[in-house]
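Have a look at the structure below, then the notes.
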Amino acid sequence: MGQLNSVLILGGSGQAGAGAAAVLRRWHPELPLTIAGRDLGRAQRVADELGAATAATVDLRRADLGLPADAEHTAVVAALWDHQLRGLRYAQERGLPYLSISSGLVDIAPEIVASAQRPSASAVLVASHFCAGIGALATLHATREFERIDTVRIGAVLDELDAGGPAGLADLARWATATSAGLVRRDGVFTWVAEPDARTDVPSTDGVRVPGQSIAILDVPGIALATGAPNVRFDFAVGESAGRRRGGPASVELRIDVEGTGPGGEPRSLHRYLVHPEGQRPLTALGIALGVERLLGLRGEAVPPGVHTPEALLDASYAAERLAEIGAQFVDAPGGT
């Protein structure tokens, strides 16, 4: 593969963008990166720490993003809400792969329509999943030995001190405004659930049950359609994490409960956690980096134009290897068989 132009990371000085840039730098030292944000000084500091990176200011209200006319890029990453789809349009006009993480299930319709109207323009990776697709990939990895999957229930515990930077907090507020209902798959039907059915407790690794609720998230249809499971639910809780209760930093936990059958047709269940002692940021950064690597053909072939999702595009076993590298662990919970 020849020399690539730089990956343009919109919001590259924020938590998710800067974290993903750091992962990409470790994996691919020669890959040029452009750290783009509203604050040039902050973007420059991130670029300086990375090396082989440049900083730029962007204006998401402009079709050209406020970038020089001769700027050349190889992909566009929206590590923030691309609220006017300027980043997507910029990518489509130039035939560049595009990845987004902040639209959420409730905001993806404009992205999908824009992509459907210009299906041959660019590869669009819709990664507004939990931790940019890491939750779905971890679940697919955990379920690989099932012959049939009947039920998948995911429970995420996010520490209240680990909700992300200003952009991440704004995303959570926007999604909560759009809907307080959760989306589940029940007996094969995607169904909206509201109070009181949406309310539940999410069990943590130390036995503490954190109040939460079913949410509308892309992991639900993604996991349901990838596994064929007729019953899928994703519960989300925000509170004190097990890591902080032990006196350490904020941790993140993803509980994966699966019911189905094994290769011989015998009943099988799995109860497992994916945990990281440093919270959600390393997982989100990894999810973005995996997507960029795949979109550019740095692992596997370059991705053709069209709409893609992490669980369809990325290899779950490879993601599990990368998770282990960054200090994430799969931990069995009581009750697995």
Side-chain angles (χ1 to χ4, degrees), residues 1-60 64-80 82 86-88 90-91 93-102 122-123 125 127 131-134 164-165 167 278 281-303 310 313-314 318-319 321-327:
M1 179 178 293
Q3 176 66 38
L4 293 172
N5 293 318
S6 71
V7 176
L8 176 64
I9 305 179
L10 307 176
S13 58
Q15 287 192 14
V23 175
L24 287 168
R25 175 55 66 245
R26 290 197 302 272
W27 293 354
H28 305 287
E30 305 303 318
L31 178 65
L33 302 171
T34 297
I35 307 303
R38 289 177 297 181
D39 185 333
L40 182 59
R42 185 177 175 187
Q44 188 65 60
R45 287 192 293 274
V46 173
D48 290 343
E49 292 175 1
L50 290 167
T54 58
T57 54
V58 290
D59 185 346
L60 292 179
D64 63 0
L65 302 179
L67 295 170
D70 60 352
E72 294 185 347
H73 302 288
T74 194
V76 178
V77 176
L80 43 62
D82 188 6
R86 298 295 191 186
L88 175 56
Y90 184 91
E93 292 291 339
R94 292 157 179 80
L96 305 176
Y98 172 86
L99 183 154
S100 68
I101 66 167
S102 295
S122 61
L125 179 52
C131 291
I134 288 298
E278 297 176 12
R281 179 178 177 178
L283 301 187
T284 303
L286 178 63
I288 297 172
L290 287 169
V292 172
E293 183 183 55
R294 184 68 181 84
L295 285 171
L296 295 182
L298 297 172
R299 177 178 172 81
E301 296 296 322
V303 178
L313 197 61
L314 301 172
Y318 173 65
E321 294 174 10
R322 290 300 200 181
L323 279 165
E325 290 177 6
I326 66 167

Item to check | Listed partners of Asp64 passing salt bridge (charged side-chain N to carboxylate O under 4.0 Å, His left out), at least two apart | outcome: Arg62
Item to check | Ser100: side-chain hydrogen bond (donor to acceptor under 3.5 Å, both in side chains) partners, not counting sequence neighbours | outcome: Glu111
Next on the checklist: Could you work out, with side-chain contact (heavy atoms from CB on, under 4.5 Å) as the rule, every residue matching Pro68, not counting sequence neighbours?
Outcome noted: Asp70, Ala71
Checklist entry - By salt bridge (charged side-chain N to carboxylate O under 4.0 Å, His left out), which residues pair with Asp39, not counting sequence neighbours? => result none
Checklist entry - Should we count CZ of Arg42 as having more than 12 external heavy atoms under 6.0 Å? => result no
Checklist entry - So which heavy atom on Val23 is nearest to which on Ala289, and how close? => result CG1-CB, 3.5 Å
Checklist entry - Thr54: what forms a side-chain hydrogen bond (donor to acceptor under 3.5 Å, both in side chains) with it, not counting sequence neighbours? => result Thr34
Checklist entry - Where is the tightest heavy-atom contact between Ile9 and Ala21, given as atom of each residue plus distance? => result CD1-CB, 3.8 Å
Next on the checklist: Looking at every non-hydrogen atom in both residues, tell me the closest pair between Thr284 and Ala16 and how far apart they are.
Outcome noted: CG2-CB, 4.1 Å
Next on the checklist: Just to verify, what does Ser102 make a side-chain contact (heavy atoms from CB on, under 4.5 Å) with, not counting sequence neighbours?
Outcome noted: Trp81, Asp171
Checklist entry - What's the verdict on side-chain contact (heavy atoms from CB on, under 4.5 Å) for Leu283 and Ile326, showing C-alpha distance, side-chain angles and the deciding distance? => result CA-CA 8 Å; Leu283 301 187; Ile326 66 167; 4.1 Å; yes
Checklist entry - Between NE2 of His73 and CG of Leu33, what distance do you get to the nearest 0.5 Å? => result 11.5 Å
Checklist entry - Listed by chain and number, what are the side-chain contact (heavy atoms from CB on, under 4.5 Å) partners of Arg281, not counting sequence neighbours? => result Gln15, Ala18
Checklist entry - Passes side-chain contact (heavy atoms from CB on, under 4.5 Å), Ser122 versus Leu96? Steps please. => result CA-CA 5 Å; Ser122 61; Leu96 305 176; 5.6 Å; no
Checklist entry - side-chain contact (heavy atoms from CB on, under 4.5 Å) with Ala47: which residues, sequence neighbours excluded? => result Ile35, Gln44, Ala53, Ala55
Checklist outcome for this item: Between Ala36 and Val58, the two heavy atoms sitting closest are CB-CG1, 3.4 Å
Checklist outcome for this item: Closest heavy-atom pair, Ala43 versus Ala56, reported as atoms and distance to 0.1 Å, is CB-O, 4.3 Å
Checklist entry - So which heavy atom on Ala79 is nearest to which on Gly11, and how close? => result CB-O, 4.1 Å
Next on the checklist: Enumerate the salt bridge (charged side-chain N to carboxylate O under 4.0 Å, His left out) contacts for residues 285-294, please, sequence neighbours excluded, ordered by first and then second residue.
Outcome noted: Glu293-Arg322
Checklist outcome for this item: When rounded to the nearest 0.5 Å, the distance separating CG of Leu50 from CZ of Arg26 is 10.5 Å
Next on the checklist: Filter on salt bridge (charged side-chain N to carboxylate O under 4.0 Å, His left out), then keep only pairs touching residues 43-53, sequence neighbours left out; what's left?
Outcome noted: none
Checklist entry - Can you check whether Thr57 reaches Leu67 side chain to side chain, under 4.5 Å on heavy atoms? => result no
Checklist outcome for this item: Which of Ile101, Leu24, Leu125, Ile134 passes side-chain contact (heavy atoms from CB on, under 4.5 Å) with Ile288? Answer is Ile101
Checklist entry - Taking only residues two or more places apart in sequence, or in another chain, which ones meet Glu93 in a salt bridge (charged side-chain N to carboxylate O under 4.0 Å, His left out)? => result Arg118
Next on the checklist: Once rounded to the nearest 0.5 Å, what's the spacing between atom CG of Leu80 and atom CG of Leu10?
Outcome noted: 6.0 Å
Next on the checklist: Quick one, Leu296 and Val303 - any side-chain contact, counting heavy atoms below 4.5 Å?
Outcome noted: no
Checklist entry - Is the number of heavy atoms from other residues, nucleotides or ligands within 6.0 Å of CD (Glu325) greater than 12? => result yes
Checklist entry - Which residues pass the side-chain hydrogen bond (donor to acceptor under 3.5 Å, both in side chains) test with Tyr90, sequence neighbours left out? => result none
Next on the checklist: Is there a side-chain contact between Leu8 and Leu65 in this structure, where contact means two heavy atoms from C-beta onward sitting under 4.5 Å apart?
Outcome noted: yes
Item to check | Distance (rounded to the nearest 0.5 Å) between Leu99 CG and Asp82 CG | outcome: 11.5 Å
Checklist entry - Looking at CG of Leu290 and CH2 of Trp27, how far apart are the two atoms once the value is rounded to the nearest 0.5 Å? => result 4.0 Å
Item to check | Atom pair CG/CG of Leu295 and Leu313 - distance to nearest 0.5 Å | outcome: 6.0 Å
